[in-house]
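Structure record follows, encoded as structure tokens.
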Amino acid sequence: MVDDERRWLILVMSLSGRAGSTRMRIWRALRSMGAAVLRDGVYLLPASPARHQALQHQADAIQALEGKTLLLEVGDTSMETREVLPSLFDRDSNYQELLEAVAHWQQECPSLEEREAQRRLLQLQRRFQAIVEIDFFPGAAKEQAVMALADAEATYNRSFVPDEPKATRGEIPRLECSEFRGRLWATRRHLWVDRVASAWLIQRFIDPEARFLWMESPEQCPAEALGFDFDGAAFTHVDDKVTFEVLLASFGLVADGALVRLGELVHYLDVGGAPVPEAAGLKLMLSGARERCPDDDALLAHMNVVLDDVYLAFSGVAATAR
């Protein structure tokens with residue numbers, strides 16, 4: 001076998017004409033996987049264990065209805081195959097439709113209520129993830145969508161989270177957690193992603209005895225308090241890092257892969273950037289918690305549990321990757 005030979009899965013299926021509704025259900029399932037149609041009843045996917053299992057599941061369903069199936073894994077060794085088959089999975093039109101929808105949302109955002117703007121943005125982010133899952137040969141169109149969604153997230157924050165701090169420039173000093181125990185930490189009230197995640201990080205990894213002050217404005221910050229995530233705070237945006245990421249760097253927590261991944265999620269939701277698959281779910285949970293919790297103390301207590309779960313999930317992923 002050629003070292004760089006690409007592997008393909010081919011499902012050949014045949015059902016009686018009376019199985020019209022079943023045929024449609026199976027066709028929809030194959031379409032949701034991103035399968036290409038070579039001819040009637042012949043479907044193609046790039047090989048992977050997960051896709052093989054998914055196609056086998058469909059084959060079993062067909063056989064249970066007394067249909068016929070053949071599932072093959074083959075390699076491509078000809079130049080013609082290498083050039084032709086990937087083009088069957090071109091998702092440029094899907095991305096183009098998404099870009100048009102994002103542009104429309106950008107135009108409407110200033111006139112929308114916050115909840116409606118957020119709902120529509122979440123739909124666009126989920127739509128992007130659905131395309132990515134079946135984009136087996138990504139190219140420039142995906143990068144354009146990434147940039148458009150990052151800009152959309154930034155537009156949302158400018159419109160509905162207007163007091164985001166401006167990034168400073170400079171080195172981030174290395175600090176010791178032991179010197180920051182039992183301190184008073186202060187940030188703006190009505191917690192949003194970076195502030196609530198930073199407060200969680202402080203409690204869980206930096207200062208387990210931390211006390212928090214939620215301020216109406218930064219001018220209310222007491223001299224003895226450690227401010228975070230506002231202009232002039234002890235810990236705030238530096239260069240391209242949001243406050244959560246600055247805290248990671250300040251206290252030597254960047255060796256924890258799960259925290260770094262959580263930082264990428266917070267970064268995207270706070271200032272945009274490369275989309276993170278879990279971002280839409282976390283944003284939705286935080287939005288619901290803000291509606292239900294009577295104050296920021298209750299909100300932090302609720303989100304601590306959520307972020308604990310996200311951290312543990314990311315820790316499991318990191319361990320699997322190793």
Side-chain angles (χ1 to χ4, degrees), residues 157-158 160-256 258-260 262-271 282-283 285-287 289-311:
N157 287 331
R158 285 194 300 270
F160 302 107
V161 193
D163 297 325
E164 281 299 299
K166 299 178 180 64
T168 62
R169 293 191 176 277
E171 296 293 323
I172 299 173
R174 178 68 168 83
L175 305 172
E176 296 297 329
C177 294
S178 59
E179 299 175 7
F180 290 82
R181 295 294 171 90
R183 300 292 296 273
L184 175 65
W185 300 75
T187 193
R188 296 166 292 139
R189 61 192 299 251
H190 300 309
L191 300 179
W192 189 234
V193 179
D194 199 9
R195 279 168 283 153
V196 75
S198 294
W200 169 84
L201 182 69
I202 290 165
Q203 277 193 328
R204 293 294 191 258
F205 293 90
I206 299 170
D207 182 3
E209 302 169 9
R211 294 169 291 123
F212 290 102
L213 173 65
W214 319 119
M215 305 177 299
E216 189 66 44
S217 68
E219 290 74 19
Q220 297 175 344
C221 187
E224 72 275 14
L226 291 168
F228 63 98
D229 203 51
F230 61 84
D231 288 334
F235 302 97
T236 188
H237 295 203
V238 176
D239 295 330
D240 62 344
K241 291 181 170 61
V242 298
T243 301
F244 185 94
E245 294 170 307
V246 169
L247 287 165
L248 289 183
S250 297
F251 292 97
L253 299 170
V254 292
D256 188 326
L259 287 179
V260 170
L262 185 52
E264 293 170 354
L265 192 160
V266 173
H267 183 109
Y268 171 64
L269 288 176
D270 199 49
V271 296
L282 181 62
K283 186 175 183 180
M285 287 187 284
L286 178 54
S287 299
R290 288 180 87 188
E291 293 289 331
R292 187 164 64 84
C293 295
D295 55 44
D296 285 323
D297 287 320
L299 178 60
L300 177 58
H302 179 87
M303 289 305 299
N304 275 347
V305 177
V306 173
L307 290 167
D308 285 344
D309 290 342
V310 174
Y311 173 72

_Whether Phe180 and Phe251 hold their rings parallel, tilted or perpendicular, with breakpoints at 30° and 60°_ = perpendicular
Begin with the C-alpha distance, continue with both residues' side-chain angles, and end with the deciding distance and a verdict on side chain to side chain contact (heavy atoms under 4.5 Å, CB included) for Ile202 and Phe228.
CA-CA 10 Å; Ile202 290 165; Phe228 63 98; 4.1 Å; yes
Considering all heavy atoms, the nearest [X]-[Y] contact:
X      : Y      : result
Leu299 : Ala289 : CD1-CB, 3.5 Å
Cys293 : Ala298 : SG-O, 3.7 Å
Asp194 : Phe244 : OD1-N, 3.0 Å
Thr236 : Thr243 : CA-OG1, 3.4 Å
Cys177 : Phe205 : SG-O, 3.7 Å

Quick note, salt bridge (charged side-chain N to carboxylate O under 4.0 Å, His left out) partners involving residues 208-228, not counting sequence neighbours, are Arg189-Glu216
Residue pairs meeting side chain to side chain donor-acceptor pair (under 3.5 Å), one or both in residues 173-186, sequence neighbours left out, come to Trp185-Asp207
Donor-acceptor pair, distance only, cut-off 3.5 Å: does the side chain of Asp256 make one with the backbone of Ala258?
yes
Hey, is the main chain of Leu213 close enough, under 3.5 Å, to the side chain of Thr187 for a donor-acceptor pair?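 A pair under 3.5 Å: no.
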Please evaluate residues Leu307 and Leu282 with respect to the criterion side chain to side chain contact (heavy atoms under 4.5 Å, CB included), reporting the C-alpha separation (whole Å), side-chain torsions for both, the decisive distance (0.1 Å), and the verdict. CA-CA 9 Å; Leu307 290 167; Leu282 181 62; 4.2 Å; yes
Tested for side-chain contact (heavy atoms from CB on, under 4.5 Å) against His302, the lone hit among Leu300, Asn304, Val306 is Val306
### Message
Does Ile206 form a side chain to side chain contact (heavy atoms under 4.5 Å, CB included) with Leu253? I'd like the steps, not just the answer.
### Response
CA-CA 9 Å; Ile206 299 170; Leu253 299 170; 4.2 Å; yes
With sequence neighbours left out, the residues meeting salt bridge (charged side-chain N to carboxylate O under 4.0 Å, His left out) with Asp229 are Arg188, Arg195
Quick one, Trp192 with Asp270, criterion side-chain hydrogen bond (donor to acceptor under 3.5 Å, both in side chains). Give me CA distance, side-chain angles, the key distance, then yes/no. CA-CA 9 Å; Trp192 189 234; Asp270 199 49; 5.5 Å; no
For the CG atom of Leu259 and the CZ atom of Arg204, what is their distance to the nearest 0.5 Å?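 The CZ atom of Arg204 is 12.0 Å from CG of Leu259, to the nearest 0.5 Å.
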Rounding to 0.5 Å, atoms OG (Ser198) and CD (Gln203) come to a distance of 12.0 Å
